[in-house]
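Report on one structure; see the data block that follows.
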Protein chains: 2
Amino acid sequence: MAKLVATIEPTGQCCPSVLGAPLDAEEAAELADGFMALADPVRLRVLSILAAAPDGEVCVCKFVGPLGKSQPTISHHVKILSEAGLVAGDRRGKWVWYSLNRERLAALQAALQPSG
Amino acid sequence: MAKLVATIEPTGQCCPSVLGAPLDAEEAAELADGFMALADPVRLRVLSILAAAPDGEVCVCKFVGPLGKSQPTISHHVKILSEAGLVAGDRRGKWVWYSLNRERLAALQAALQPSG
DNA sequence: TAGATGCATCGATCCCCGTCAATGTACTGG
DNA sequence: CCAGTACATTGACGGGGATCGATGCATCTA
């Protein structure tokens, strides 16, 4: 096995955590950017659709109808998710297939981990 | 033993999760409200200070200096956290002591849980 | 090459958020 | 009571997000 979860030390910490030591301004700003990307119903639904996709990829056109928003609005939200590192797009001919970055999502999840 | 974690069923789910089945509009809006409360550096630092407090309680006056914001601004953010159910205040004479609602925070954390 | 399709960008609009000074409210102490 | 302290609320300002129609760009197809 190539690499474990970094060899967590008792006192150490791999990522800034809300429940660990008090955050400084920079750490807080970085985490806030991540949660800001999650702070919209449309974006959360985009993520959940991606997570539920059998092959882990969804064409942008599959978001417009189900989410009830215009195509520019969907494109806007997908861009925000992309800039936040939560999704990645892959152009294939006319279509762009987006996939979920589960590591990035796990990092935000870890910031809320009770143990710190 | 009184009550386990609700007897999780393979297909069932206790709370809306971003990584489970696609979220409907209502579930997504509810989760988005929670993450919106986390999407600010000042509020994240308030939470982290509360989490790091030895007795789990911090007087509001202890936020103003370290966070470098005015007293009304701090009061504004604490109110948002309170309305989101993430903190609770307890008035004792002149002072108001705030404490962290770790269950509410854990619920948001669970919504990002990889298993669903 | 012309038209159609999928997606991104632009421009405009509306609304909400973060911030602070000023003020209000509640409690304490003299 | 009155002054002071701790916190909340108000009002105003600036900035940015959410939304959509119109438009631009790339690709496919006839």
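Throughout, protein chains are lettered first and strands after them, A, B, ... in sequence-line order, and every chain is numbered starting at 1. These figures come from a predicted structure and were not determined experimentally.
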Rounded to whole Å, NZ of Lys69(B) lies from P of dC17(C) at a distance of 17 Å
ask   = Side-chain heavy atoms under 4.5 angstrom apart, residues restricted to Ile, Leu, Val, Met, Phe, Trp, Tyr: same cluster for Val58(A) and Val60(A)?
value = yes
Review point. Distance check: side-chain N/O of His77(A) vs OP1/OP2 of dT19(D), anything under 4.0 Å?
Key: yes
* Short side-chain N/O contact to dC20(D) OP1/OP2 from Thr73(A), under 4.0 Å -> yes
When rounded to whole Å, the CD1 to P distance for the pair Ile80(A) and dC7(C) reads 18 Å
In B/S/- notation (B base, S sugar-phosphate only, - none; protein heavy atoms under 4.0 Å), nucleotides 3-8 of chain D written 5' to 3' is --BSBB
Residues joined to Trp97(A) in its hydrophobic cluster, side chain to side chain under 4.5 Å directly or through other members, sorted by chain and number, are Trp95(A)
- Any donor-acceptor pair under 3.5 Å linking the side chain of Ser75(A) with the backbone of Pro72(A)? no
Worksheet item: Looking at Glu57(A) and Lys62(A), does any basic side-chain N land under 4.0 Å from a carboxylate oxygen?
Response: no
Report whether Val96(B) and Val78(B) are members of the same hydrophobic cluster (ILVMFWY, side-chain heavy atoms less than 4.5 Å apart, transitive linking). yes
Notebook entry, point to check: Considering only heavy atoms from C-beta outward, does the side chain of Leu105(B) approach that of Leu38(B) to under 4.5 Å?
Noted result: yes
Assigning hydrophobic clusters by single linkage (Ile, Leu, Val, Met, Phe, Trp, Tyr; side-chain heavy-atom cutoff under 4.5 Å), is Leu86(B) placed with Met36(A)?
no
Sorted by number, residues from residues 31-45 of chain A placing a heavy atom under 4.0 Å from DNA chain D are Asp40(A), Arg43(A)
* Asked: Are Ile80(B) and Leu31(B) linked, directly or through other ILVMFWY residues, by side chains that come within less than 4.5 angstrom of each other?
  -> no
To the nearest angstrom, the CZ-P distance between Arg92(B) and dT28(C) comes to 14 Å
